[in-house]
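These notes are about the structure you will find just below.
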Amino acid sequence: MFLDFNQILQEHNLLKKDNHVLLAVSGGVDSIVLFHLMQNIPEAKRPKLSVAHVNHQLRPEADKEEEFVKGLADDYQIPFYSFRWDQSDHPKSGIEESARDIRYSFFEQIMKQEKMNVLMTAHHQDDQVETILMKLTRGSILSQLTGIEFSQSFSEGVLVRPLLGFSKKMLYDLADEQQWPFMEDATNFELDYMRNRFRNEIIPLLRKENSQFDQHVVQFAADLEDLLEVSWAPIEATFNEVTQKKQEGWVLSRLQFSNLSAATQRMVLKVLLDRLYENEEDLYKANYITLLQDWIMNGEVNTQLDLQGGFVSLKEYETVRFFKQKPKEPSIANAHFVLDKVDQWVQLSPHEKIGLFLLDPTNEEKLNENSLLIEEKNLHLPLTIRHRQPGDRMRYAGLKGSKKIKDIFIDEKTPIKQRSQAWLVEDSLGRILWLISYRKMNLFTAQETDKLIYVLKYKKDEY
């Protein structure tokens, strides 16, 4: 095992004198074997070593374990760093996750402080098998089933796990052969935690079915990792064709997405969700992929799905938008403004205003879709500028009778967000004169010099 271990370190370029390795040592057989294996590397190749230990104060033996690890480091004249997690700081729930966060936060602090570039932990093959089966049981996404990585970026260096290829039995056998003392954690045999139930009950039964069970699980994870790697390039290319990154999130083309095969659609959604949640503490739920696929292909337009972590998926006519919902702002649904005199601007928002003015027939003023001409006889002040309300209807040029504002938006395939932001102008008779940017009443026939003509102007700044 010594030769195999040294070969692994050599292959990963870890046998360098200028490396400074921080060994995470709990006192259990795994980390004690790792400590001695590193100590037995020939001095000419051995990197600089330090030891870090976290006393979680979770068991009566915690202080003895700390003393034991410190004594071991002192025996070999290796720098020792410890952290004691006071019981008063323990959370009422989620103790395992919190303990892990405490450990790695402490490791990172020491590495930065002492300018270390490698953190080494004693995760082994049994940990790998347990992790894969637990994730499979919980319903994790495919990429997570590759298990624990041999190395990954950490702090300002790298975190490596050189014992992943060795079983727990091999570690016990080596410690017994070399007479390396270690501290046994009795809680490893308690069944209160999911990992312990897999370790002590479920996996032993599977090993009885097949003595090569562990190797098969590890090989499955390796094959899956290879498969994901070779399939990544075409999947990423398709993803880039059908999606666009926007400041607020991602936009998916419904037409391009619908032309993909069902399997490719699911892979595109997986990549999209991975990107969406890449900086989030919680990952998305595994069923989101099939849920989104069915909704995009068969669900109604202008509908919304609320996703985990405050994310939202909004299905519009041409696109599906994915973004993180901002904290709710005060509702503007009931906002309204009054325009009650000529030569007056009313500010609707920091970027929008509307005003009423007398039209000068001698001035060739540029009129466009943001202007509404009103003959004097058709002007009934005050004008109210507001957002739509249920049941709103209006008459407009070319229409017999009236039409619901809601149906106008449907005809125009207007996204829900834009519907809620659109302004309409209502006069004192209760008539909706103008659904700004969409429809206008015909309030002007022909320009005659003996008639007073007013112009209602809407302006929106580009920002």
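Any value given below was found using the heavy atoms of this structure, including those in side chains, with hydrogens, waters and symmetry copies removed. Just so it is clear, the model here is predicted, and its values are computed rather than measured.
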**Study point:** With F409 via ring-ring contact (aromatic ring centres under 6.0 Å, His included) - residues at least two apart
**Key:** Y438

**Study point:** T121 and H123 side chains, donor-acceptor separation under 3.5 Å
**Key:** yes

Practice item. Kindly say whether the aromatic ring centers of W180 and F35 come within a distance under 6.0 Å. Key: no

**Study point:** Sidechain N-carboxylate O distance under 4.0 Å for R199, D126
**Key:** no

Check your understanding: Do E108 and S105 get their side chains close enough for a donor-acceptor pair, meaning under 3.5 Å?
Key -> no

Point to revise | Check: Q293/Q265 side-chain N/O donor and acceptor closer than 3.5 Å | key: yes

**Study point:** Close side-chain approach of F337 and T384, heavy atoms under 4.5 Å
**Key:** no

Exercise for review: Kindly assign one of parallel, tilted or perpendicular to the pair Y284 and Y288, based on the angle between their ring planes and the thresholds 30° and 60°.
Suggested key: parallel

Could you list the donor-acceptor pairs under 3.5 angstrom formed by side chains in residues 219-229, with sequence neighbours left out?
{"unit_1": "Q219", "atom_1": "NE2", "unit_2": "D223", "atom_2": "OD1", "d": "2.8"}

Practice item. Report the residues that fulfil side-chain hydrogen bond (donor to acceptor under 3.5 Å, both in side chains) with S261, sequence neighbours left out, ordered by chain and then residue number. Key: T264

Review point. Taking the six-membered ring of Y277 as reference, does the NZ or CZ atom of R275 fall below 6.0 Å from its centre and within a 45° cone about the axis?
Key: no

Practice item. Taking side-chain hydrogen bond (donor to acceptor under 3.5 Å, both in side chains) as the test, write out the residues that go with Q212, two or more places apart. Key: none

Point to revise | Partners meeting side-chain hydrogen bond (donor to acceptor under 3.5 Å, both in side chains) with D411 (sequence neighbours left out) | key: K403

Review point. Looking only at heavy atoms, what is the nearest atom pair of H387 and A422, with distance?
Key: ND1-O, 2.9 Å

Exercise for review: Would you name the heavy atoms of L399 and M394 that are closest together and state the gap between them?
Suggested key: CD2-O, 4.0 Å

Practice item. Give a yes or no on whether a salt bridge exists between E352 and K459, defined as a side-chain N under 4.0 angstrom from a carboxylate O. Key: no

Point to revise | Charged tip of R439 within 45° of Y396 ring normal and under 6.0 Å | key: yes

Practice item. For the residue pair N298 and D294, confirm or rule out a side-chain donor-acceptor distance under 3.5 Å. Key: yes

Contacts table for residues 151-171: side-chain donor-acceptor under 3.5 angstrom, sequence neighbours left out:
{"unit_1": "Q152", "atom_1": "OE1", "unit_2": "R161", "atom_2": "NH1", "d": "3.2"}
{"unit_1": "Q152", "atom_1": "OE1", "unit_2": "R161", "atom_2": "NH2", "d": "3.2"}
{"unit_1": "R161", "atom_1": "NH1", "unit_2": "E149", "atom_2": "O", "d": "2.6"}
{"unit_1": "S167", "atom_1": "OG", "unit_2": "M170", "atom_2": "N", "d": "3.2"}
{"unit_1": "K168", "atom_1": "NZ", "unit_2": "D30", "atom_2": "OD1", "d": "3.0"}
{"unit_1": "K168", "atom_1": "NZ", "unit_2": "D30", "atom_2": "OD2", "d": "3.2"}
{"unit_1": "K169", "atom_1": "NZ", "unit_2": "D173", "atom_2": "OD2", "d": "2.9"}

Check your understanding: Quick one: does H56's side chain have a donor or acceptor within less than 3.5 Å of a partner on L58's backbone?
Key -> no

Side-chain donor-acceptor distances from residues 244-252 under 3.5 Å, at least two apart:
none

Check your understanding: Is it the case that Q57 and D63 place a side-chain donor and acceptor less than 3.5 Å from each other?
Key -> yes

Review point. Residues in ring-ring contact (aromatic ring centres under 6.0 Å, His included) with F83, at least two apart?
Key: F106

Check your understanding: Who pairs with F2 by ring-ring contact (aromatic ring centres under 6.0 Å, His included), at least two apart in sequence or on another chain?
Key -> none

Practice item. List in chain and number order the residues that pass side chain to side chain contact (heavy atoms under 4.5 Å, CB included) with V301, two or more places apart in sequence or in another chain; answer none if no residue qualifies. Key: R254, K315, Y317

Check your understanding: Have Q128 and T131 got a donor and an acceptor in their side chains that come within less than 3.5 Å?
Key -> no

Exercise for review: Answer yes or no: are there more than 12 heavy-atom neighbours, outside E97 itself, under 6.0 Å from its atom CD?
Suggested key: no

Exercise for review: State whether a side-chain donor-acceptor pair under 3.5 Å links S437 with W423.
Suggested key: no

**Study point:** ring-ring contact (aromatic ring centres under 6.0 Å, His included) partners for Y458, two or more places apart
**Key:** none

Review point. Do any pairs count as a side chain to side chain donor-acceptor pair (under 3.5 Å) and have a residue in residues 37-53, sequence neighbours left out, and if so which ones?
Key: H20-S50

